Amino acid sequence: MKLSDVVQIVNGTVLCGQENLEREVRLGFASDLMSDVLTLLADDILLITGLSNNQAIRTAEMSDILQILFVRNKRPTKTMLDLAHEHGITVITTPYSMFRSSGLLFKNGLDPVY
Amino acid sequence: MHVSYEVRAGDFSIAGKVSSTVKGILKQLNLTPAHVKRIIVALYEAEVNVVAHSFGGKIDCDIDSEQVVITVSDTGPGIADLELAMTEGWSTATAEVREMGFGAGMGLSNIRKNTDILKIDTGKGKPTIISMTFRLAEGAEHA
């Protein structure tokens, strides 16, 4: 699905990377554990997390993940958004929980990594 | 090519900065995306370990056409039981480290999975020196 579909499905707000909403994303991975994210080998992943700190952005950068969905209205800091922008990472926030967001995205065709 | 960087202990605001810089260098040198990813994942885990667990240290990278050798060394306090520390799920991380999304005891095993040769020299009260070799030659792609 396109990132614009993700935004619509989770009633999201795009905080960074508005210009990338036509980008396709194939897989979803929900985790607050960054070491777990670092084990992923697949591409085209949407990271769904409640961990709103610099390491979430850094981990995405290191893992070549180009889109992050922060759940429960987590608001990344300006430093985080600057870092995301620098690395072409689109940042979306949703009022929904990780469970609800993952469920809706799965139901609408976003595949799991495992 | 040799580059060297200092890593400050405890400062999570800049944890990952060295890995980010090295990633830029590796991409400029036209390493394959698969090589870049496994080198950088291992380096980032090691860099976070220095920030989270040590008194501070440094990262040295030696890059040539055959291999990348990265040495991550700190000034202590060392790992008392390395075999235990290599066990997935075992960790001495503080609550602060866990809040950063790490400290689940996966760091060293993630490093091991991504390196071709891994050497760790440590001990209680000693510096820890982690030497990671990544082969770049054709046919040496890591499984």
Side-chain angles (χ1 to χ4, degrees), chain A residues 16 23 26-27 29-72 74-89 91 93 98 102 113-114, chain B residues 7 10-24 26-27 31-49 51-53 87-91 93 95-115 141-143:
Chain A
C16 169
R23 195 187 274 158
R26 198 166 50 91
L27 302 166
F29 190 79
S31 181
D32 289 345
L33 181 56
M34 296 301 106
S35 281
D36 220 3
V37 178
L38 287 165
T39 63
L40 303 178
L41 297 173
D43 293 320
D44 306 329
I45 295 173
L46 171 72
L47 172 61
I48 304 163
T49 186
L51 186 82
S52 180
N53 62 36
N54 278 2
Q55 300 317 311
I57 308 289
R58 282 291 187 204
T59 299
E61 178 201 349
M62 305 310 163
S63 305
D64 297 327
I65 290 174
L66 292 173
Q67 39 276 322
I68 305 177
L69 174 64
F70 287 109
V71 298
R72 297 280 290 133
K74 297 283 163 54
R75 290 280 162 174
T77 61
K78 184 177 180 306
T79 308
M80 289 168 64
L81 292 175
D82 287 347
L83 197 58
H85 180 72
E86 186 185 335
H87 296 288
I89 297 168
V91 177
T93 185
M98 187 185 280
S102 302
V113 175
Y114 298 110
Chain B
V7 182
D11 189 351
F12 273 99
S13 70
I14 55 162
K17 203 164 181 199
V18 173
S19 302
S20 182
T21 303
V22 173
K23 185 177 183 184
L26 297 180
K27 282 168 85 171
L31 266 71
T32 66
H35 280 130
V36 173
K37 190 161 181 176
R38 69 186 181 89
I39 293 168
I40 292 306
V41 165
L43 174 57
Y44 181 49
E45 287 279 16
E47 184 181 358
V48 168
N49 275 350
V51 174
H53 299 292
T87 310
E88 239 173 62
W90 189 88
S91 177
E96 188 197 5
V97 175
R98 291 177 200 272
E99 278 170 20
M100 290 295 142
F102 290 92
M106 293 174 69
L108 284 174
S109 56
N110 263 359
I111 290 171
R112 182 170 49 191
K113 281 174 197 161
N114 284 292
T115 48
E141 186 74 37
H142 195 73

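On a predicted model such as this, the values are computed, not experimentally measured, just so you know. Sequence lines set the chain letters: A, B, ... in the order given, protein chains first and strands last, and positions in each chain run from 1.
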Open item on the list: Need one label for A:I57: side chain, backbone, both or neither, based on atoms under 4.5 Å from any heavy atom in chain B.
Closed with: neither
- [ ] Under 4.5 Å heavy-atom distance to chain A, tell me which part of B:F12 shows up: side chain, backbone, both or neither.
- [x] both
Task: Interchain contact, A:L83 with chain B, by part (heavy-atom threshold 4.5 Å) - done: neither
Task: Contacting moiety of A:L33, where chain B heavy atoms sit under 4.5 Å - done: both
Open item on the list: Less than 4.5 Å apart, side chain to side chain, heavy atoms only: is that true for B:L26 and B:H35?
Closed with: no
Task: Contacting region of A:D32 [heavy-atom separation from chain B under 4.5 Å] - done: backbone
Open item on the list: Within the 4.5 Å heavy-atom criterion, are A:M98 and A:S31 side-chain neighbours or not?
Closed with: no
Task: Check: B:I40 and A:D64 side chains under 4.5 Å, non-hydrogen atoms - done: no
TODO: With a 4.5 angstrom heavy-atom cut-off, could you sort out which part of A:T59 is near chain B: side chain, backbone, both or neither?
DONE: both
Task: B:K113/B:E88 ion pair, N-O < 4.0 Å - done: yes
- [ ] State, with a plain yes or no, whether a side-chain heavy atom of B:E45 is found less than 4.5 Å away from one of A:M34.
- [x] no
